[in-house]
There are 2 protein chains.
Amino acid sequence: MGATKTTLFTRQQNDIANMAKALAHPARIAILQYLVKKNACVCGDLVEELGLAQATTSQHLKELKNAGIIQGTIEGVSICYCINPAVWKQYRELFNSFFKDVTLAGNKCC
Amino acid sequence: MGATKTTLFTRQQNDIANMAKALAHPARIAILQYLVKKNACVCGDLVEELGLAQATTSQHLKELKNAGIIQGTIEGVSICYCINPAVWKQYRELFNSFFKDVTLAGNKCC
DNA sequence: ATGTATTATTGCAATATTGCGATGATTGAA
DNA sequence: TTCAATCATCGCAATATTGCAATAATACAT
């Protein structure tokens, strides 16, 4: 087929995978880092910053917005994007809990 | 075109994105969680555990191996997989540093 | 109303991912 | 050697992602 079989997995597993997917492109990482640094920006800033076409940049913004990790508000003729702190925190904590619960001490592999 | 323009981004941005991509499928999350819980397992265990075909399971294992986060050693007629603790730690720290440096306090968005 | 600036959406082509059956490679046992 | 067990790889089909030009939508001027 070719479509991910989400029903085979738990809600949490799908959640983590979806979060990871939102971060699985360097442009989206760059956008988030830029937003963290500048606190807020408009799409035009990112088109210059990234070097991607406006349509492509807009699409990455859309995916980040769908994932909930950023939010945009209309600011006159342009749209101001910024991190959604609550979701950002959620991401961090979910990844944290995923990575934490492994005891690297007793790794007696095979 | 349709291929990610990696040259536009920094090494670190591509690294984080690649790490995220390795985690961007619920089956791979499930594999890692299972490995964390059981410490080690063979491919056949995962075929039962996941409910995916053997070929598909093997392919997900290959991607995790390519990402470096797991390692496999020949164990008689089967292959024993386990977490690579050093790379696991690296993943954790890279994500940690990515998520940490945002001051959620002063989010005066737009 | 008309024009300009900014962002979103559409439509398309190129590439990547997902999934599986079939086949191949390797190991250990009979 | 022959067989069964186990995992990897190949080849294919279906779906998803990436990227961009062109166009639409929106807001604010004039």
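Reckoned from all heavy atoms, side chains included, excluding hydrogens, waters and symmetry mates. Throughout, a chain's letter reflects where its sequence line sits, starting with A, and its residues are numbered from 1.
An OP1 or OP2 oxygen of D/dT17 is reached within less than 4.0 angstrom by a side-chain nitrogen or oxygen of A/Lys21. Considering only side-chain N and O atoms, A/Tyr81 lies nowhere under 4.0 angstrom from the phosphate OP1 or OP2 of C/dT6.
Comparing C/dC20, D/dG19, C/dT27 against the side chain of B/Lys5 picks out D/dG19 as the nearest. Listed nucleotides: C/dC20, C/dT7, C/dA22. Nearest to the side chain of B/Thr56: C/dC20. Each of D/dC7, D/dG19, C/dC20 was ranked by its minimum atom distance to the side chain of B/Ala55; first place goes to C/dC20. Minimum atom distance to the side chain of A/Val42 is reached by C/dT7, of the listed C/dG21, C/dT7, D/dC20. Side-chain proximity of A/Glu63 to the nucleotides C/dT7, D/dT18, D/dT15 is greatest for D/dT18. Nearest nucleotide to the side chain of A/Cys43, out of C/dT7, C/dT27, C/dG19: C/dT7. Taking every side-chain heavy atom of B/Ser58 into account, D/dT9 is the closest of C/dG19, D/dT9, D/dA22. Of the candidate nucleotides D/dT18, C/dT6, D/dT9, D/dT18 has the atom lying nearest to any side-chain atom of A/Arg28. The side chain of B/Thr4 has D/dT18 as its nearest neighbour among C/dT18, D/dT18, C/dA8. For A/His60, taking side-chain heavy atoms from C-beta onward, the closest of the listed nucleotides C/dC20, D/dG19, D/dC20 is D/dG19.
Comparing B/Lys62 and A/Ala27, the nucleotide of DNA chain D nearest to each residue sits closer to the 5' end for B/Lys62.
One cannot find a donor-acceptor pair under 3.5 Å joining the base of D/dA8 and the side-chain atoms of B/Gln59.
A distance of 6.0 Å separates NZ in B/Lys37 from CD in B/Glu49, rounded to the nearest 0.5 Å.
Within the nucleic acid shown, B/Ala53 comes within 4.0 Å of sugar-phosphate atoms alone, with no base atom in reach, counting heavy atoms only.
The aromatic rings of A/Trp88 and B/Phe99 stand perpendicular to each other, their planes meeting at an angle above 60°, with 30° marking the opposite boundary. Aromatic ring pairs are classed by plane angle as parallel below 30°, tilted from 30° to 60° and perpendicular above 60°; the pair B/His25 and A/Phe9 is perpendicular.
Distance alone, capped at 3.5 Å, places no donor-acceptor pair between the B/Asn84 side chain and the B/Gln71 backbone.
Following rounding to the nearest Å, A/His25 (NE2) and D/dA16 (P) show an atom-to-atom distance of 18 Å.
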